[in-house]
Structures are given as structure tokens and as C-alpha cells.
Amino acid sequence: MPRPKQFRRIVAPPIMIGFKPFGIPLKGLESVILSFDEYETIRLLDYEGLMQEQAAERMNVSRPTLTRIYENARKIIARAFVECKMIVIEGGNVEFEREWFRCRKCHKIVEGL
């Protein structure tokens with residue numbers, strides 16, 4: 001029986017809830033799901049430029065686990081670009097450092113009290 005997945009620590013949710021290819025109507029567009037932990041690996045490794053060991057420590061996972069999450073995230077993003085699909089960022093086995101809420105009207109992120 002496999003070990004249960006450990007929660008991956010995320011600093012904050014992404015500002016956006018996804019991306020859509022420019023110039024294609026939303027109604028005929030397929031989507032791919034990028035989980036919060038996959039988004040976080042892209043943010044830490046590519047955007048912040050951290051080493052894998054540092055990023056793994058921040059996310060509370062092992063370095064090999066971080067590498068697997070990162071590879072999967074890259075495949076999802078590449079598939080979305082090549083096949084012209086919308087990327088939706090949601091879900092995953094994560095815990096956030098602080099509580100937050102997203103406004104249903106404007107989608108702005110508000111920290112919990």
C-alpha cells in the first residue's frame with residue numbers, strides 16, 4: 001500500500017485562476033489542469049531561480065518529489081501551448097501558509113483574518 005501524499009506547502013495562491021490563448025473564443029476551448037503545487041514549482045524554480053534543494057525545503061517535499069512535480073508541470077504547460085489549450089490552476093494536495101479567499105466577482109485574493 002503506498003504511503004499517503006504529504007501536503008505541499010504553498011506561500012500564496014496565484015493571482016490568476018488560469019490562462020487562455022489569445023484570439024480564441026472561450027466557448028470552444030479545451031483546458032488542462034495545473035495544480036497549485038505544480039504552479040508553485042514553476043514559480044520557485046523558474047521565476048525565483050531557486051535551486052531544487054531550496055525549493056523542495058520551502059514546499060516541504062523531498063528533492064526527487066519536487067523534480068517529478070516540476071517535470072509534470074512542464075509537460076502540462078507545453079501541452080497547453082502546442083495544442084492551444086487553456087490552463088486552469090486549481091487543486092492539488094497543498095497547504096497554504098495563511099488562509100486566503102478569492103472574491104467571486106472580481107477574483108481578487110483576500111487574506112483570511
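- To the nearest 0.5 Å, atom NZ of residue K20 and atom SG of residue C84 are 8.5 Å apart.
- Here the CZ-OG1 distance, from R74 to T41, works out to 10.5 Å after rounding to the nearest 0.5 Å.
- M16 and I24 are members of different hydrophobic clusters when ILVMFWY side chains are connected at heavy-atom separations under 4.5 Å.
- Both V88 and L26 are assigned to one and the same hydrophobic cluster, defined by single-linkage of ILVMFWY side chains at heavy-atom distances under 4.5 Å.
- In this structure the side chain of L45 reaches within 4.5 angstrom of the side chain of L66, judged on heavy atoms.
- For the atom pair CD1 (I77) and CD1 (I87), the distance works out to 5.5 Å, reported to the nearest 0.5 Å.
- For the atom pair CD1 (I42) and CD (E38), the distance works out to 8.5 Å, reported to the nearest 0.5 Å.
- Counting non-hydrogen atoms of neighbouring residues, nucleotides and ligands closer than 6.0 angstrom, the CD atom of E83 exceeds 12 such neighbours.
- Cluster membership for L50 and I69, using ILVMFWY side-chain heavy atoms within less than 4.5 angstrom, is not shared.
- A salt bridge does not link R68 with E71: none of the charged nitrogens is closer than 4.0 Å to a carboxylate oxygen.
- Under the 4.5 Å side-chain criterion, counting only non-hydrogen atoms from C-beta, I33 is in contact with E90.
- By the criterion of side-chain heavy atoms lying less than 4.5 angstrom apart, applied directly or through intervening Ile, Leu, Val, Met, Phe, Trp or Tyr residues, I76 is grouped together with I89 in one hydrophobic cluster.
- To the nearest 0.5 Å, atom NZ of residue K85 and atom CD of residue E30 are 3.5 Å apart.
- The local environment of CD in Q52 is crowded, with over 12 non-hydrogen atoms from other residues, nucleotides or ligands closer than 6.0 Å.
- Side-chain contact between F36 and P14 is present, with heavy atoms from C-beta onward closer than 4.5 Å.
- Residue R58 holds its CZ atom at 5.0 Å from CD of E48, rounded to the nearest 0.5 Å.
- The cluster map of Ile, Leu, Val, Met, Phe, Trp and Tyr, joined by side-chain heavy atoms under 4.5 Å apart, puts L34 and F81 in the same cluster.
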